[in-house]
Amino acid sequence: MPRADFYLIDKPRFREDPLLLVCELAKRAVGAQQPTLILTRDFEQAEAIDERLWDLGEDVYVPHQLAGDEDDAICAVLIVPPGVDTPDRPLVINLRDTCAPGHFDRVLEVVAADPAERDGSRVRWTQYKKLGFEVAKHDM
């Protein structure tokens, strides 16, 4: 059964830098050898995540790139802005306002502390449940 995990940002360090949580989730995925897609809201967010993943520290390396390159198939983490098609992967980190499209084993929904974002996450939660996903919530 596919799974959808909702990560609700609440802790001050993630409120100040929500992309830090996305980067930490990507780092964990690489550690677990899970090929991952990060679905961004727009190209600017994709670029910001790309830069942030390079900035995790001298001893941390998360192999990643913006999707749309010939090396997409061999890169551990693909950052996917809207309008770019990529093959499905087992793990998706979704930052968009809609449910993640495609076939995957697990989706991680990162939800900011903003009330409007929380309302949107409730809609996605219901949609994932209707699609047969096991859903869970994590306060971050």
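Hydrogens, waters and symmetry mates are skipped; everything else that's a heavy atom, side chains included, is used.
Without hydrogens or angle criteria, Y128 side chain to V107 main chain gives no donor-acceptor distance under 3.5 Å. Formation of a donor-acceptor pair under 3.5 Å by the D10 side chain with backbone atoms of F14 is not found in this model. Remark: the backbone N or O of L8 is not paired with any side-chain donor or acceptor of D139 at under 3.5 angstrom. Distance alone, capped at 3.5 Å, places no donor-acceptor pair between the D69 side chain and the D72 backbone. Between the R41 side chain and the D97 main chain, no donor and acceptor come within less than 3.5 Å of each other. Side-chain N or O atoms of T126 include none that pairs as donor or acceptor with a backbone N or O of R124 at under 3.5 Å. No donor-acceptor distance shorter than 3.5 angstrom exists from the side chain of D71 to the backbone of I74, with no hydrogens or angles considered.
Linking ILVMFWY residues whenever their side-chain heavy atoms come closer than 4.5 Å, directly or via other members, leaves F43 and L78 in distinct clusters. Residues L20 and I79 fall within the same hydrophobic cluster, defined by Ile, Leu, Val, Met, Phe, Trp and Tyr side chains chained together at heavy-atom separations under 4.5 Å. V22 and V92 fall into different hydrophobic clusters, defined by Ile, Leu, Val, Met, Phe, Trp and Tyr side-chain heavy atoms under 4.5 Å apart, directly or through other members. A single hydrophobic cluster is not seen to contain both V123 and L131; linkage of ILVMFWY side chains at heavy-atom distances under 4.5 Å, directly or through other members, places them apart. L108 and V80 fall into different hydrophobic clusters, where Ile, Leu, Val, Met, Phe, Trp and Tyr are joined by side-chain heavy atoms under 4.5 Å apart, directly or via other members.
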- Before giving the answer on side chain to side chain contact (heavy atoms under 4.5 Å, CB included), spell out for V77 and I38 the whole-Å C-alpha distance, their side-chain angles and the decisive distance to 0.1 Å. CA-CA 7 Å; V77 176; I38 300 175; 3.7 Å; yes

- Message: Set out, in order, the CA-CA distance, both residues' side-chain angles and the distance that settles side chain to side chain contact (heavy atoms under 4.5 Å, CB included) for V62 and L56, then state yes or no.
- Response: CA-CA 9 Å; V62 176; L56 292 178; 4.0 Å; yes

- Query: Would I49 and T40 count as a side chain to side chain contact (heavy atoms under 4.5 Å, CB included) if you check the C-alpha gap in whole Å, the side-chain angles of each, and the deciding distance to 0.1 Å?
  - Reply: CA-CA 9 Å; I49 292 169; T40 64; 3.7 Å; yes

- Evaluation steps, side chain to side chain contact (heavy atoms under 4.5 Å, CB included), between F6 and V110: CA-CA 6 Å; F6 286 74; V110 176; over 6 Å; no

- Item | Verdict with reasoning, K11 to E16, per salt bridge (Lys or Arg N to Asp or Glu O under 4.0 Å) | CA-CA 9 Å; K11 295 179 182 171; E16 293 168 12; over 6 Å; no

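Shortest non-hydrogen contact noted between A113 and R118 is CA-NH2, 3.5 Å. A136 approaches H138 most closely through the heavy-atom pair CB-NE2, 4.1 Å. Between P63 and A76, the shortest heavy-atom distance links the atoms O-CB, 3.7 Å. In this structure, A100 and L39 approach most closely via the heavy-atom pair CB-CD1, 3.9 Å. When all heavy atoms of A112 and E117 are compared, the pair lying nearest together is N-OE1, 3.4 Å. Taking all atoms of both residues into account, the shortest heavy-atom contact from L53 to A26 is CD2-CB, 4.3 Å.
In this structure the side chain of Q45 never reaches within 4.5 angstrom of the side chain of P81, judged on heavy atoms. Side-chain contact between D50 and H64 is present, with heavy atoms from C-beta onward closer than 4.5 Å. For the pair W125 and V135, the minimum side-chain heavy-atom distance is below 4.5 Å. Contact of the T36 side chain with the V30 side chain is not registered, since no non-hydrogen atoms from C-beta on lie closer than 4.5 Å. In this structure, the side chains of F133 and P2 come closer than 4.5 Å at one or more pairs of heavy atoms.
Other residues, nucleotides and ligands contribute only 12 or fewer heavy atoms inside 6.0 Å of the CD atom of Q33.
Summarising the geometry, atom CG belonging to L91 is positioned 11.0 Å from atom CG belonging to N94; distances are rounded to the nearest 0.5 Å. Here C23 contributes atom SG and R52 contributes atom CZ; the two are 5.5 Å apart, rounded to the nearest 0.5 Å.
A salt bridge (charged side-chain N to carboxylate O under 4.0 Å, His left out) with D5 holds for exactly one of R106, R28, K137; it is R106. A side-chain contact (heavy atoms from CB on, under 4.5 Å) with L21 is found for exactly one of I93, I9, V111, namely I9.
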